[in-house]
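Note sheet for the following structure.
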Amino acid sequence: MSNKTKEGSIIEPRVLKGFRDFLPAMEIPKKAIIGKLETHFSSYGFVPIDTPVLEYTEVLLGKGGGETDKQIFHFKDNGERDVALRFDLTVPFARFLAQHQSELALPFKRFHIDKVWRGENPQKGRYREFTQCDFDIVGVDNAEADFEILSMMDSSFAVMGIEDYQFCIAHRGLFNAFLAHLDIADKSIEILRTVDKLRKIGKDEVALQLARITGSTDKANRILSYIHKEDESESFLDTLDRLSALAGHEEVHTKRMRTIYAYLKAAGIAGHFVFDPSITRGLDYYTGIVYETFLTRLPHFGSVCSGGRYNDLASLYTKEKLPGVGSSIGLDRLLAALEELDSPIVQSTSSADAAILNTDAASFAYYDQLARNLRKAGVRVCVYLADKKLAAQYKWAENNAIPYAILVSKEEEEQNRFTLKNLVSRENHPNLTLQEALPILQRN
RNA sequence: GUGGAAGUAGUUCAAUGGUAGAGCACCAGAUUGUGGAUCUGGCUGUUGCGGGUUCGAGCCCCGUCUUCCACCCCA
């Protein structure tokens, strides 16, 4: 294989707009987070699944709206089939459920961490290829399932080591009941999209746009009073009462939200959740509770974890009733935000706990044996493979964020001992046995 | 997809249309194989890419690619 064309010119190495390579400095923390989430999801009894990256276009476009159509990567495959890259993990999951429902025991709780593709124009924290971490519960439509998803969102952020975040919750069903009460349910989608911009363009501009959509200043003001809290400190339950009254004393959805909040309270995590009636979500398939997550120090980055209840999604593919609720962490956006914040989470890039330096190439077999013994004890260790001056070897270890060097003199080799050197403090621990070295290495 | 801004060495930044520079980083050596000092030398580069105008383009014009911003939408 050659990287040259027939003319002998070198092909410019490049990747598509919105697509990225991951160097170890970012891939290591990314993989670490994924590992933590997988362990965490499993601890709740969620199970992993996988689905194809490529699907029939009609399967993915079944519902979701015109915007999805525009953003989906689709093309003809070599057999002239109309195919598309998955736009999210939720729609393929609905297809998966319809296809395998006889093999699944409901309620079914699954997680799925993988890449999705959208043909949007990229920006910081916004890519054409990105990883979503989905977790969903299907087969039950109740407050307990809604709560468990919210509870897992909260504990997932704790597990990832992220602080300063806020979950903003609303209820699509309650809002639709409110619109029906105002007799403008037919304009629902347009209104939802305008309401969603409150955070960005402010209430005056939203009021103007709503008046244009509904043709009524009065209705626009009533929508505004629904989505905009005059009193920022209004409590979750007070907001709920106010919205219920505005929606003509709506009962069903209000009661659901009350129960969910009671569970959050009992679990001691209610403080991370605020009722934000302006959260509506752009995707059309949500029918109940919806939520977005913002990092309080970087709100303009947008939501890093969103989702909601979708009771009719699987109805595209089956007559069976398969209500679901779920959430998705936007891992790439989250990593971009953590990088922006100089978070220690994206700075832990060490490839090993210790490097055995090459002070005598003739001793390689001994170094290898020492490395094997350390690995058996659970230490991540590598042997420096080139034959260079020690200064270069220290530099190499430092560039790889390896905290300890291991040096073996002739005398130490004969006694099966070695010197451990802390590469940050440059402190030496000479003449150690493996057993003596382990506690020092394991402190990290 | 639409509109705007930007793109120079690995990186941070200079250069009126007139010969591509500086710090840091990197590599080699002085230097002894347990490094952060100093000195010497070196690569720092087809100025994102391709055309055009011009005696001459990093600079002006057109196209294109990428990044960033806004719209749209979203994780």
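First the proteins, then the strands, lettered A, B, ... as listed; each starts at 1. Just so it is clear, the values below take in all heavy atoms, side chains as well, and ignore hydrogens, waters and symmetry mates.
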- Query: At under 4.0 Å between heavy atoms, what does Val424(A) touch on the DNA or RNA strands: base, sugar-phosphate, or nothing?
  - Reply: base

- Message: Out of the candidates Phe157(A), Phe236(A), Tyr165(A), Phe294(A), only one should pair with His272(A) under the ring pair (Phe, Tyr, Trp, His ring centres under 6.0 Å) rule; please name it.
- Response: Tyr165(A)

- Query: On a plain distance test, is the side chain of Arg126(A) in donor-acceptor contact with the base of A75(B) below 3.5 Å?
  - Reply: no

- Task: Quick one: label Thr131(A) by what it contacts on the DNA or RNA (base, sugar-phosphate, nothing), any heavy atom closer than 4.0 Å.
- Result: nothing

- Applying side-chain hydrogen bond (donor to acceptor under 3.5 Å, both in side chains), run through Asp77(A) and Tyr56(A) and close with a yes or a no. CA-CA 10 Å; Asp77(A) 77 358; Tyr56(A) 284 101; over 6 Å; no

- Message: For the P atoms, the ones on C61(B) and on G7(B), what distance do you get once it is rounded to whole angstrom?
- Response: 13 Å

- Task: Write down the partner of C73(B) under the Watson-Crick or G-U wobble criteria, each distance required to be under 3.5 Å.
- Result: none

- Nearest-angstrom distance from the residue atom CG of Asp21(A) to P of U66(B): 14 Å

- When you compare G51(B) with A57(B), how far apart are their C1' atoms, in angstrom units rounded to a whole number? 13 Å

- Query: Across the strands shown, which category fits Asp88(A) at heavy-atom distances under 4.0 angstrom: base, sugar-phosphate, nothing?
  - Reply: nothing

- Query: Does a side-chain heavy-atom distance below 4.5 Å link Arg256(A) with Asp141(A)?
  - Reply: yes

- Donor-acceptor pair under 3.5 Å, Gln393(A) side chain vs G35(B) base: no

- Task: Taking only the side-chain heavy atoms of Asn121(A) (C-beta and beyond), determine which of A28(B), U2(B), G35(B) contains the nearest atom.
- Result: U2(B)

- Item | Leu89(A) CG - C74(B) C1' separation (whole Å) | 14 Å

- Check every strand shown and say whether Lys389(A) touches a base, only sugar-phosphate, or nothing at a heavy-atom separation below 4.0 Å. base

- Task: Select one nucleotide: of U67(B), G33(B), A75(B), the one nearest the side-chain heavy atoms of Leu390(A).
- Result: G33(B)

- Query: When you check the gap from the basic side-chain N to the acidic O, do Lys229(A) and Asp276(A) get nearer than 4.0 Å?
  - Reply: no

- Query: Taking the same atom, C1', in U31(B) and in U16(B), what whole-Å distance lies between them?
  - Reply: 48 Å

- Rounded to the Å, how far apart are Phe19(A) CZ and A75(B) C1'? 15 Å

- What distance, rounded to whole Å, do you find between the two P atoms, one in U46(B) and one in U8(B)? 12 Å

- Message: Please give the distance between the C1' atoms of U54(B) and C59(B) as a whole number of Å.
- Response: 13 Å

- Are any of Gln71(A)'s side-chain N or O atoms less than 4.0 Å away from OP1 or OP2 of C74(B)? no

- Task: In whole angstrom, give me the gap between the P atoms of U12(B) and A75(B).
- Result: 32 Å

- Can you find an N or O donor on one side and an acceptor on the other, under 3.5 Å apart, linking the side chain of Arg193(A) with the base of C72(B)? no

- Message: Measuring only the P atom in each nucleotide, how far is C24(B) from A20(B)? A whole number of Å is fine.
- Response: 24 Å

- Task: Using heavy atoms to find the nearest nucleotide of RNA chain B for Ala391(A) and Asp196(A) separately, return the residue whose nucleotide is more 5′.
- Result: Ala391(A)

- Message: Please pick, from U67(B), G35(B), A75(B), the nucleotide with the shortest atom-to-atom distance to any side-chain atom of Tyr127(A).
- Response: A75(B)

- Task: Could you say whether Leu16(A) or Asp360(A) is positioned toward the 5' end of RNA chain B, judged by the nucleotide with the nearest heavy atom to each?
- Result: Asp360(A)

- When all nucleic acid strands are considered with a 4.0 Å heavy-atom cut-off, which category describes Gly307(A): base, sugar-phosphate, or nothing? nothing

- Item | Quiz item: Arg14(A) side-chain donor-acceptor pair to G48(B) base, under 3.5 Å | no

- Nearest of U34(B), A28(B), A75(B) to any side-chain atom of Lys421(A)? U34(B)

- Item | Watson-Crick/G-U partner (both atom distances under 3.5 Å) of A14(B) | none

- Across all strands shown, which nucleotide pairs with U54(B) by Watson-Crick or G-U wobble geometry, both distances under 3.5 Å? none

- Message: Just the rounded figure in Å: distance from P of C74(B) to OH of Tyr291(A).
- Response: 16 Å

- Item | Any Lys200(A) side-chain nitrogen or oxygen under 4.0 Å from OP1 or OP2 of C73(B) | no

- Item | Whether Phe73(A) and Phe19(A) hold their rings parallel, tilted or perpendicular, with breakpoints at 30° and 60° | perpendicular

- Task: Evaluate the ring planes of Phe178(A) and Phe175(A), with Trp represented by its six-membered ring, and classify them as parallel (under 30°), tilted (30 to 60°) or perpendicular (over 60°).
- Result: tilted

- Query: What nucleic acid atoms does Glu292(A) come within less than 4.0 Å of, heavy atoms only: base, sugar-phosphate, or nothing?
  - Reply: nothing

- Message: Between Arg380(A) and Ser350(A), do the side chains contain a donor N or O and an acceptor N or O under 3.5 Å apart?
- Response: yes

- Should U19(B) form a Watson-Crick or G-U wobble pair with both distances under 3.5 Å, which nucleotide is its partner? none

- Query: Would Lys30(A) count as a cation-pi partner of Phe22(A), with NZ or CZ less than 6.0 Å from the six-membered ring centre and within 45° of the ring normal?
  - Reply: yes

- Give a yes-or-no answer on whether the side chains of Tyr367(A) and Thr359(A) include a donor-acceptor pair shorter than 3.5 Å. yes

- Message: With rounding to the closest Å, how many angstrom separate the C1' atoms on A9(B) and C43(B)?
- Response: 9 Å

- Query: Which part of the nucleic acid, if any, lies within reach of Gln132(A) when heavy atoms closer than 4.0 Å are counted: base, sugar-phosphate only, or nothing?
  - Reply: sugar-phosphate

- Query: Nearest of A75(B), G35(B), U67(B) to any side-chain atom of Leu423(A)?
  - Reply: G35(B)

- Task: Determine which nucleotide pairs with U64(B), using a 3.5 Å limit on both distances of a Watson-Crick or G-U wobble pair.
- Result: G48(B)

- Item | Whole-Å gap separating C1' (C74(B)) and CG (Asp134(A)) | 14 Å

- Item | Phosphate contact (C71(B) OP1 or OP2) by Lys197(A) side-chain N/O below 4.0 Å | no

- Under 4.0 Å between any heavy atoms, over every strand shown, what does Leu334(A) touch: base, sugar-phosphate, or nothing? Just pick one. nothing

- Message: Heavy atoms from C-beta onward define the side chain here; which of A75(B), U34(B), C69(B) lies closest to that of Asn428(A)?
- Response: U34(B)

- Ile33(A) CD1 - A75(B) P separation (whole Å): 19 Å

- Note on the structure: When rounded to whole Å, the CD to P distance for the pair Gln123(A) and C71(B) reads 8 Å

- Message: Could you check whether Thr90(A) and Asp134(A), counting side-chain N and O atoms only, form a donor-acceptor pair closer than 3.5 Å?
- Response: yes

- If you check the Lys124(A) side chain, which of C69(B), G33(B), A75(B) turns out closest? C69(B)

- pair_partner(A30(B)), Watson-Crick or wobble, both distances < 3.5 Å, evaluates to U38(B)

- With a non-hydrogen cut-off below 4.0 angstrom, is Gly125(A) in contact with a base, only sugar-phosphate, or nothing? base

- Query: What integer distance in Å separates Arg86(A):CZ from A75(B):C1'?
  - Reply: 14 Å

- For C59(B), which nucleotide in any strand shown is its Watson-Crick or wobble partner with both distances under 3.5 Å? none

